[in-house]
2 protein chains.
Amino acid sequence: MEQRIDRIKKQLQSQSYKLTPQREATVRVLLEHEDDHLSAEDVYMLVKEKYPEIGLATVYRTLELLTELKVVDKINFGDGVSRYDLRQEGADHFHHHLVCLECGAVDEIQEDLLGDVEKIVETRWNFHIKDHRLTFHGICHRCHDTSSPGHEKSEVHQK
Amino acid sequence: MEQRIDRIKKQLQSQSYKLTPQREATVRVLLEHEDDHLSAEDVYMLVKEKYPEIGLATVYRTLELLTELKVVDKINFGDGVSRYDLRQEGADHFHHHLVCLECGAVDEIQEDLLGDVEKIVETRWNFHIKDHRLTFHGICHRCHDTSSPGHEKSEVHQK
DNA sequence: TGTCAAATGATAATGATTATCAAATTAAAA
DNA sequence: TTTTAATTTGATAATCATTATCATTTGACA
């Protein structure tokens, strides 16, 4: 984790951004909550515990900057609130989401399931893909009537 | 088109909703602009031409109602504005979107490319899928340097 | 240490959307 | 045709997530 923070710092530095304690505290919170889909407000409340002087506007700005630098991914589930996820290092693909209509839980699929689909899109639609977003809405395994042991995958994170 | 309007009316009727001229004008506008991704404001401006007394709040309410009835799909591209698409009749799948980062155009893929992916998700993650959203961000064929004749597909709609 | 441009925090502003409420309207019953 | 009850409307206030503003502070470099 400290190494990840150092690497992010170097990234900021190499692009002439300043390394402020506010930015560090924000990154730290994101790292500690990698499995959660935090809103800006969530992040603000958590960062405030580490750095009480921080302002909400600064959190927004920091998240926006990290998003531009592709350290963070910003995602919308259509509920009026943006969510921010630290991007997995080396991840060349934005993970997919499973949103449960029953309990509201958000699970992630780290594996990129869109390889074949993207090939089709690039060749048939001549569209040069740079990013994708895939979200499934449905009923998660916890809300199913039946229990199905053995279906849990390590790349699924409960959020 | 008139037939589609009649069918939507019957759908509203069968669920004890009233058939108001405002609702009809809204549906009419959505039908006339099936290829566009209209914001609520867009819809409002267009409906006002047909029915000048209409209020913005009513447009929002109507769009919301039609969304709940699955006549309309509401989509977010993460830019702070919701878009509303009339659902293709009989469509059991929400079309995919290609958003060009250069020119901002939004193309659609009507074909469901997620069949195989959904099978994987349902079985490996034990997630009962009810709906999906797939958006690609990238560079569209118009903004490419090269021209590639023959790649245009009939199910791609320029929006 | 001094300089300077970036970054900050508090707060006002913005814009998309929803809540409120009196009035209007639709649809069904009489 | 009229009445009635419930829904729907339009104007406008309210809400909320987010961004703009501006004086002050701060980080990095010389």
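Throughout, protein chains are lettered first and strands after them, A, B, ... in sequence-line order, and every chain is numbered starting at 1. Only a predicted model underlies this, so the values are computations on that prediction, with no experimental measurement involved.
B:His128 places a side-chain heavy atom less than 4.5 Å from the side chain of B:Glu122. At least one side-chain heavy atom of A:Leu46 sits less than 4.5 Å from a side-chain heavy atom of A:His33.
Side-chain N/O atoms of A:Arg61 and A:Thr58 include a donor and acceptor closer than 3.5 Å. A side-chain N or O of B:Asp85 and one of B:His95 form a donor-acceptor pair less than 3.5 Å apart.
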Task: salt bridge (charged side-chain N to carboxylate O under 4.0 Å, His left out) between A:Arg142 and A:Asp107, worked out - done: CA-CA 11 Å; A:Arg142 286 165 297 263; A:Asp107 293 339; 2.9 Å; yes
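Rounded to whole angstrom, the span from the CD atom of A:Glu68 across to the C1' atom of C:dA6 amounts to 15 Å. Atom CZ of A:Arg23 is separated from atom P of C:dG9 by 11 Å (rounded to the nearest Å). Straight-line distance from the CD1 atom of A:Ile54 to the P atom of C:dA10: 10 Å, rounded to whole Å. Rounding to whole angstrom units, CG of residue B:Leu12 and P of C:dT26 are separated by 14 Å. Between B:Asp42 atom CG and C:dT17 atom C1' the separation is 15 Å, expressed in whole Å. Rounded to whole Å, the distance from CG on B:Leu65 to P on C:dT18 is 13 Å. Counting to the nearest Å, the C1' atom of C:dA10 and the NZ atom of A:Lys48 are 13 Å from each other. Computed from coordinates, the A:Asp79 CG to D:dT15 C1' distance equals 16 Å when rounded to whole Å.
When the ring pair (Phe, Tyr, Trp, His ring centres under 6.0 Å) test is applied to A:Phe77, the partners found at least two apart in sequence or on another chain are A:His37, A:His97. Applying the side-chain hydrogen bond (donor to acceptor under 3.5 Å, both in side chains) rule to B:Lys10 yields no partners; only residues at least two apart in sequence or on another chain are considered. With sequence neighbours left out, the side-chain hydrogen bond (donor to acceptor under 3.5 Å, both in side chains) criterion links B:Arg28 to B:Glu2, B:Glu24.
Between B:Glu32 and B:Lys50 there is a salt bridge, since at least one side-chain N of the basic residue sits less than 4.0 Å from a carboxylate O of the acidic one.
Ring-plane geometry between B:His96 and B:His132 is classed as tilted, the angle between the planes lying from 30 to 60 degrees on a 0 to 90 degree scale.
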Please list, pair by pair, any protein nitrogen or oxygen found under 3.5 Å from a nitrogen or oxygen in nucleotides 26-30 of chain D.
from	atom 1	to	atom 2	distance (Å)
D:dG27	N2	A:Lys18	NZ	3.3
D:dG27	N3	A:Lys18	NZ	3.2
D:dA28	OP1	A:Leu19	N	3.3

Quick one: which protein N/O atoms are closer than 3.5 Å to N/O atoms of nucleotides 17-21 of chain D? Pair and distance per line, please.
from	atom 1	to	atom 2	distance (Å)
D:dT18	OP1	A:Ser82	N	3.1
D:dT18	OP1	A:Ser82	OG	3.2
D:dT18	OP2	A:Tyr60	OH	2.6
D:dT18	O5'	A:Tyr60	OH	3.4

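The main-chain N or O of A:Lys18 is found under 3.5 Å from a side-chain atom of A:Arg23 such that the two form a donor-acceptor pair.
Annotation: the terminal axes of the helix from C:dT1-D:dA30 to C:dA30-D:dT1 meet at 20°, where each axis is the rotation carrying the C1' atoms of four end pairs onto the next four (5 pairs per end, rounded to 10°).
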